[in-house]
Amino acid sequence: MKQSSRALRILLCAVLMVLCFVAESSVGIRVSVFGAHIDFLPSIIAASGLFLGCPAGMVCGMLAGMLYDISGVGVEGLYPIYYMIGGIACGLYGESQGWRRHPLRTAVIAAVCMPAALSIVRYLFYFQFVTESSLTAVLHSLLIQAALTALITLPVYWLVVRISGARRSRREQMEHHE
């Protein structure tokens, strides 16, 4: 893939991320299911890292973290670092080619694991000392968020696959092998 083509695809994923963030954080549009908010960003980070490699995962992870910081969700500086590392990990795994047999399942697992791991770390190192929340309440919220993220990953996966050009027609694949 040419560098300019790859950069354009990364830019398209970044634009998709900003549009999703604006839609999901708008006051009138914010949707919540059983107390968990819909969040497209981990799905976009995971899919872009898997299909476009480390640079896309890093850029999308850093951008997602900066968007979270701008919105004032958590500790400043933590989100860009955390999601950038998550994007790089998805990119490295995507470049290893071992996940190609089950790409949707891999994208769902990666998208669910990023916010789940962050929630557990935040609980263990902050919330248990500051609030009276129990681990069962955190796990209940975490399960709802994981289910929502898994459902959200399906349309995001489809969009990022189209942006990345990873899905070629059967005829193109056969011509390529001949």
Side-chain angles (χ1 to χ4, degrees), residues 1-25 38-71 73-122 124-125 142 145-146 148-169 172-173 176-177:
M1 184 179 341
K2 293 181 186 177
Q3 285 299 97
S4 61
S5 175
R6 186 178 210 163
L8 179 63
R9 292 167 196 253
I10 293 171
L11 180 64
L12 286 173
C13 285
V15 168
L16 174 66
M17 182 172 297
V18 170
L19 291 174
C20 286
F21 180 78
V22 168
E24 72 188 29
S25 63
I38 293 179
D39 191 5
F40 286 93
L41 302 190
S43 300
I44 296 170
I45 296 166
S48 64
L50 287 171
F51 289 106
L52 294 170
C54 280
M58 181 181 68
V59 168
C60 289
M62 180 66 98
L63 178 62
M66 291 184 339
L67 290 170
Y68 284 127
D69 275 356
I70 289 169
S71 69
V73 176
V75 179
E76 291 180 13
L78 175 67
Y79 285 98
I81 293 169
Y82 178 77
Y83 282 112
M84 183 179 67
I85 291 170
I88 290 170
C90 288
L92 287 172
Y93 191 66
E95 291 171 357
S96 75
Q97 306 292 324
W99 62 277
R100 296 269 182 204
R101 294 177 68 196
H102 305 287
L104 178 59
R105 181 171 47 185
T106 305
V108 169
I109 290 170
V112 167
C113 286
M114 269 190 276
L118 181 63
S119 294
I120 291 170
V121 167
R122 287 176 64 197
L124 290 175
F125 293 105
L142 186 67
Q145 187 67 44
L148 280 175
T149 302
L151 289 174
I152 288 168
T153 302
L154 299 175
V156 168
Y157 170 85
W158 183 82
L159 281 170
V160 174
V161 165
R162 298 303 181 265
I163 289 171
S164 71
R167 280 263 166 125
R168 295 185 300 185
S169 71
E172 287 177 29
Q173 289 176 355
H176 180 66
H177 288 294

ask   = Do side-chain atoms of R6 reach the backbone of L52 as a donor and acceptor pair under 3.5 angstrom?
value = yes
Distance, nearest 0.5 Å, that separates OG of S71 from OH of Y79 = 8.0 Å
ask   = By side chain to side chain contact (heavy atoms under 4.5 Å, CB included), which residues pair with I109, not counting sequence neighbours?
value = R105, C113
ask   = So which heavy atom on I163 is nearest to which on C13, and how close?
value = CG2-SG, 3.9 Å
Side chain proximity check, Y82 to V121, heavy atoms < 4.5 angstrom = no
task = Please report the closest heavy-atom contact between M62 and P80, naming both atoms and the distance.
result = SD-CB, 3.5 Å
remark   = When every non-hydrogen atom of C60 is compared with those of I45, the smallest separation belongs to O-CG1, 3.9 Å
ask   = Who are the side chain to side chain contact (heavy atoms under 4.5 Å, CB included) partners of A111, not counting sequence neighbours?
value = S43, A46, T149, T153
ask   = Hey, are the side chains of L50 and T106 touching, using non-hydrogen atoms and a 4.5 Å cut-off?
value = yes
note = Heavy-atom closest pair (V108 atom, A150 atom, distance to 0.1 Å) is CG1-CB, 3.8 Å
request  = State, yes or no, whether a side-chain contact exists between P42 and Y83 at a heavy-atom distance under 4.5 Å.
outcome  = yes
request  = For C90 and M114, work out which heavy atoms get closest and say how close.
outcome  = SG-CE, 4.2 Å
ask   = Hey, does P55 have a side-chain heavy atom less than 4.5 Å from the side chain of I10?
value = yes
ask   = Under 4.5 Å between any side-chain heavy atoms of L154 and L104, yes or no?
value = yes
request  = Go through the structure and list residues passing side chain to side chain contact (heavy atoms under 4.5 Å, CB included) with I85, not counting sequence neighbours.
outcome  = I81
task = Show your working on side chain to side chain contact (heavy atoms under 4.5 Å, CB included) between I120 and L142 and close with a plain yes or no.
result = CA-CA 9 Å; I120 291 170; L142 186 67; 4.0 Å; yes
key: Check against side chain to side chain contact (heavy atoms under 4.5 Å, CB included), S48 and M17   = CA-CA 10 Å; S48 64; M17 182 172 297; 5.6 Å; no
Aromatic centroids of F40 and F21 separated by under 6.0 Å = no
